[in-house]
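This report concerns only the one structure given below.
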Protein chains: 2
Amino acid sequence: MARKTGSHSEITGPRIRAVARALFARHGFAAVSMRQIAAEVGVQAGALYLYTPDKETLLFDLLKAHMDELLAAWDAVPAGKDPLARLEAFVRFHIRFNLDRAEAVFLSYMELRNLGPENFAVIEGLRRDYETRLETILRDGVAQGRFVAPDPKVASLAIIAMLTGVTTWYREGGRLGREAVGDVYWDMVRKAVAA
Amino acid sequence: MARKTGSHSEITGPRIRAVARALFARHGFAAVSMRQIAAEVGVQAGALYLYTPDKETLLFDLLKAHMDELLAAWDAVPAGKDPLARLEAFVRFHIRFNLDRAEAVFLSYMELRNLGPENFAVIEGLRRDYETRLETILRDGVAQGRFVAPDPKVASLAIIAMLTGVTTWYREGGRLGREAVGDVYWDMVRKAVAA
DNA sequence: GATTGTATTGAACGCGCGTTCAGATAATCT
DNA sequence: AGATTATCTGAACGCGCGTTCAATACAATC
């Protein structure tokens, strides 16, 4: 066996991921070296390879974990039956989740191209899953005559792009609080698909 | 003097910029080497330095030119007096312009962080100029009672994010043509700020 | 055809990259 | 106490990076 309490691996592993996420988000995957990550963790570069087989996998694991958490978190939101209520829940959820994890969101939308084809396909698929969640809400609403959306697929992409953009300008302690931001975006989304 | 006709500099210069734009957009600034750019242009790496003092300036010039062209192109669009007509013009212009220059748009939104502080500030300022163009339309419309937008500043950012997102999924020859895409987005934007 | 000066090559510079690995360190188990 | 083993160091590997520069090629002019 091995040590359990006092084992550094339970600290170093998460720290590596947290540091990598922060540095990748700030400077971009290609611009960050394994040595930079190691230095910030307080470890030599070689030690990173006890926790990841290579740099790309480190990125992939971050993206995969983020998408898994995103989907799990949304699926945990109680699903109302009313399309309007579900749409509002989605809008407020997406904003809240993205503001809570701005770094991971940035990564997910900007560093996909640094993945190989197989890894890329995995993340792309999860993203499509998420987009489909919103698309389904829109289609249900259209079917019930509650929404008007000439192209629900495009509408879902448009709405997600709009909501995700909040991370590019929102600053904690700024003019608008999170609640107020949610209100503004919900007002726009609600009207955008209004019947 | 020197040669004029037959001078390669008039060909190599633009080619370098075009190749750099394409490679930076596809792989990211940090992931593309000067040697890769040179190889695609059909020249040795050293020759690039006849056209740019360094790699970052090459990126900056691309971003600067793009933003200048964006602002000039929008300012060349005849300004209707009706806020609704101006908003529609903006939506259709933004989509058309961005689809025509997907590479440059990608660059402008993803590689800003590779600029030094002064260069960053220049591009950021131009971006803000552009955003203000839309914000002004919204404020005028609100003042005239034609639009309802609880926060025109945020609304303009939201709309731009939504419209810019079109470049991430639009494919030439896909299900929707450019005109149809413009229709879908205009429908959403119009309603989103409707009175 | 010699001169001029731009356009380009090709080699070199020091440096940091991702990754590997033998060996040191220290916590746990017997 | 001694053996075991997870954890980490520190040095090394070959390689490609951004950039510089003397030498060269060559089109335009005289």
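Proteins come first, then strands; the chains are lettered A, B, ... in the order of their sequence lines, and each starts at number 1.
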* Side-chain N or O of T12(B) closer than 4.0 Å to phosphate OP1/OP2 of dA7(C) ->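 Result: no.
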Length of the [atom1]-[atom2] vector between [X] and [N], whole Å:
X	N	atom1	atom2	result
D54(B)	dC17(D)	CG	C1'	14 Å
I16(A)	dT7(D)	CD1	C1'	11 Å
L50(B)	dT8(C)	CG	C1'	7 Å
L48(A)	dC21(C)	CG	C1'	15 Å
K55(A)	dT19(C)	NZ	P	8 Å
Q44(A)	dG18(C)	CD	C1'	15 Å
L58(B)	dG18(D)	CG	C1'	12 Å
I11(B)	dA27(D)	CD1	C1'	13 Å

* Which residues share a ring-ring contact (aromatic ring centres under 6.0 Å, His included) with F24(A), sequence neighbours left out ->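 Listed in chain order: F29(A).
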* Counterpart residues, ring-ring contact (aromatic ring centres under 6.0 Å, His included), relative to Y130(B) (two or more places apart) ->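 Per chain and number, Y130(B) pairs via ring-ring contact (aromatic ring centres under 6.0 Å, His included) with F90(B), H94(B).
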* Any residue meeting side-chain contact (heavy atoms from CB on, under 4.5 Å) with R21(B), in chain and number order, not counting sequence neighbours ->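 With neighbours one apart ignored, the set is A18(B), L62(B), E103(B), A104(B), L107(B).
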For residues 150-158 of chain A, dump all side-chain donor-acceptor pairs below 3.5 Å to protein atoms at least two apart in sequence or in another chain.
from	atom 1	to	atom 2	distance (Å)
D151(A)	OD1	K153(A)	N	3.3
D151(A)	OD1	V154(A)	N	3.0
D151(A)	OD1	R175(B)	NH2	3.3
D151(A)	OD2	R175(B)	NH1	2.7
D151(A)	OD2	R175(B)	NH2	3.2
S156(A)	OG	P152(A)	O	3.4
S156(A)	OG	K153(A)	O	2.7

* **Given dG18(C), dA7(C), dT19(D), the nucleotide with the shortest approach to the side chain of Y51(B)** =>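 Closest nucleotide to the Y51(B) side chain: dA7(C).
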Could you list the donor-acceptor pairs under 3.5 angstrom formed by side chains in residues 71-87 of chain A, with sequence neighbours left out?
from	atom 1	to	atom 2	distance (Å)
D75(A)	OD1	R133(A)	NE	2.9
D75(A)	OD1	R133(A)	NH2	3.3
D75(A)	OD2	R133(A)	NH2	2.7
D82(A)	OD1	R146(A)	NH1	2.6
D82(A)	OD1	R146(A)	NH2	3.2
D82(A)	OD2	A85(A)	N	3.3
R86(A)	NH1	D140(A)	OD2	3.3

* Scan residues 21-43 of chain A against DNA chain D and write down, sorted by residue number, each residue with any heavy atom closer than 4.0 Å; if none is found, say none. =>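 Heavy-atom cutoff 4.0 Å gives R35(A), V43(A).
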* Cation-pi check, R92(B) onto Y185(B) ring (under 6.0 Å, within 45° of axis) ->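 Checked: cation-pi criterion not met.
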